[in-house]
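Working notes for the structure below.
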There are 2 protein chains.
Amino acid sequence: MDDRSGSDALDGGGLLFLTDEQLLKGSEAMFFAYRGFTADPDRILADSGYGRAHHRAIHFIGRTPGTTVNNLLAILGVTKQSLNRVLRSLIEDGLVESRVGTKDKRERHLFLTDTGDALDRSLSDAQRARMRAAYSAAGPEAVQGFRKVLEAMMDPDMKRRFNRMREGEKR
Amino acid sequence: MDDRSGSDALDGGGLLFLTDEQLLKGSEAMFFAYRGFTADPDRILADSGYGRAHHRAIHFIGRTPGTTVNNLLAILGVTKQSLNRVLRSLIEDGLVESRVGTKDKRERHLFLTDTGDALDRSLSDAQRARMRAAYSAAGPEAVQGFRKVLEAMMDPDMKRRFNRMREGEKR
DNA sequence: TTGGAAAGTCAACATAGCTGACATAAAATC
DNA sequence: GATTTTATGTCAGCTATGTTGACTTTCCAA
């Protein structure tokens, strides 16, 4: 296989020579890659009768247990009404537990139940496997570049939020 | 700003030491970046009363004028009923033209009208600007890595299709 | 103490996926 | 020439996930 794919977007010295065509190809790569990225979780979710919105909720509740609905809204970037429908079904099905805040009783703190944690694990296992395979195929330097471009592509607010979330990452 | 973001996923020599946590952070980066990636086109589309489905159709018709419905179906990975609804509205609104095939009269060949081309330009300008900004911020080596990981993340079928589409890219 | 803001819920609607069934026309095959 | 396959389009109906608007409960501060 061609190991230099994408390298024609660069000159040897490191200066960027990107044609409009090449930039659009980057967009297409993003589109097709995102499809691959969601394919495995989508299959698992379909079996459980859930969709991507449920996946996102489960994922972020799993990573930050006790988070409030409002917090989740800011991360997911949807309306509270839309999120509420998703949360309601997850709570009804016993995957998520909602506890009224002790300090502020308006707030609901969200936790995964054991069942919810099991689905979370199954989904994140699949996603990790895909990421790991892609990283291995692309090589270590590629991973650094990948992360840099992704972060630069985020809206500034999201980038800030993302980097705040990343704090705990360093071993 | 921290220029080494993401570098903690690597040791100096280039071997991968990726924890489960770090792989999941890669997934989150993908999620947030995709949101940024679609944000500008989404705003433009909202003004015209269209959605992402219309964007995708316009994009690929613009890049491969004369493509058939079947071709588009394979690229977009949706059902013909779903695509048909989108195409019908684009044709009714005069953005896309559908011509009966000369050789095979069952086929419809799709083209952008001048109006369609104008919207396509406006959308791709926005998307290119975002890609260019991200590439500039991340640097040239990062762009190579970005493309490599994205390609490795695609499903094999899509990767093949994508690379076939890329042929014309090399000036 | 009261009035506004914040958190969450319920109702109703729109978009864009999906499946299934069916129609038409053209091409390919027997 | 008759039959089958292919390409496309359409109708009906379902689901997931967005939206806005109106409402309740709770908190806090003037």
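Naming: A, B, ... by sequence-line order, numbering from 1 per chain. This one's a predicted model, so the numbers in the text were calculated from it and none came from an experiment.
- Of all nucleotides in DNA chain D having an atom under 4.0 Å from a heavy atom of chain B, the first and last in 5' to 3' order are D:dT6 to D:dC11.
- Partners of B:A134 by side chain to side chain contact (heavy atoms under 4.5 Å, CB included), not counting sequence neighbours, listed by chain and number: A:V149, A:A152, A:M153.
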Strictly under 3.5 Å: I want the nitrogen or oxygen pairs between protein and nucleotides 26-30 of chain C, one per line.
{"from": "C:dA27", "atom 1": "OP1", "to": "B:K103", "atom 2": "O", "distance (Å)": "2.8"}
{"from": "C:dA27", "atom 1": "OP1", "to": "B:K105", "atom 2": "N", "distance (Å)": "3.3"}

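- Between B:F162 and A:F32, the ring planes are perpendicular. Angles over 60° get that label, and only those under 30° would be called parallel.
- The ring-ring contact (aromatic ring centres under 6.0 Å, His included) check on B:F31 picks up nothing, with sequence neighbours excluded.
- Comment: B:D40 does not engage B:R128 in a salt bridge, judged by the lack of any side-chain N to carboxylate O separation of less than 4.0 angstrom.
- Ion pairing between a basic and an acidic side chain is recognised when a charged N comes within 4.0 Å of a carboxylate O; B:D20 and A:R132 show such pairing.
- Here C:dA6 presents its P atom at 16 Å from CG of A:N71, a figure rounded to the nearest Å.
- In summary, the side chains of A:E28 and B:H59 do present a donor paired with an acceptor at a separation below 3.5 Å, with no hydrogens or angles considered.
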Fill in: Sequence-aligned protein contact record of nucleotides 10-20 of chain C, with B where the base is within under 4.0 Å of a protein heavy atom and S where only the sugar-phosphate is
BBB---BBBBB
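- Salt bridge status for A:R43 with A:D47: absent, with no side-chain N to carboxylate O gap under 4.0 Å.
- Classification of the A:F146-A:Y135 ring pair by plane angle, with boundaries at 30° and 60°, yields perpendicular.
- Under the side chain to side chain contact (heavy atoms under 4.5 Å, CB included) criterion, B:E107 pairs with B:T68, B:D104, B:H109, sequence neighbours left out.
- Contact between B:A39 and A:D155 at its shortest, heavy atoms only, is CB-OD2, 4.0 Å.
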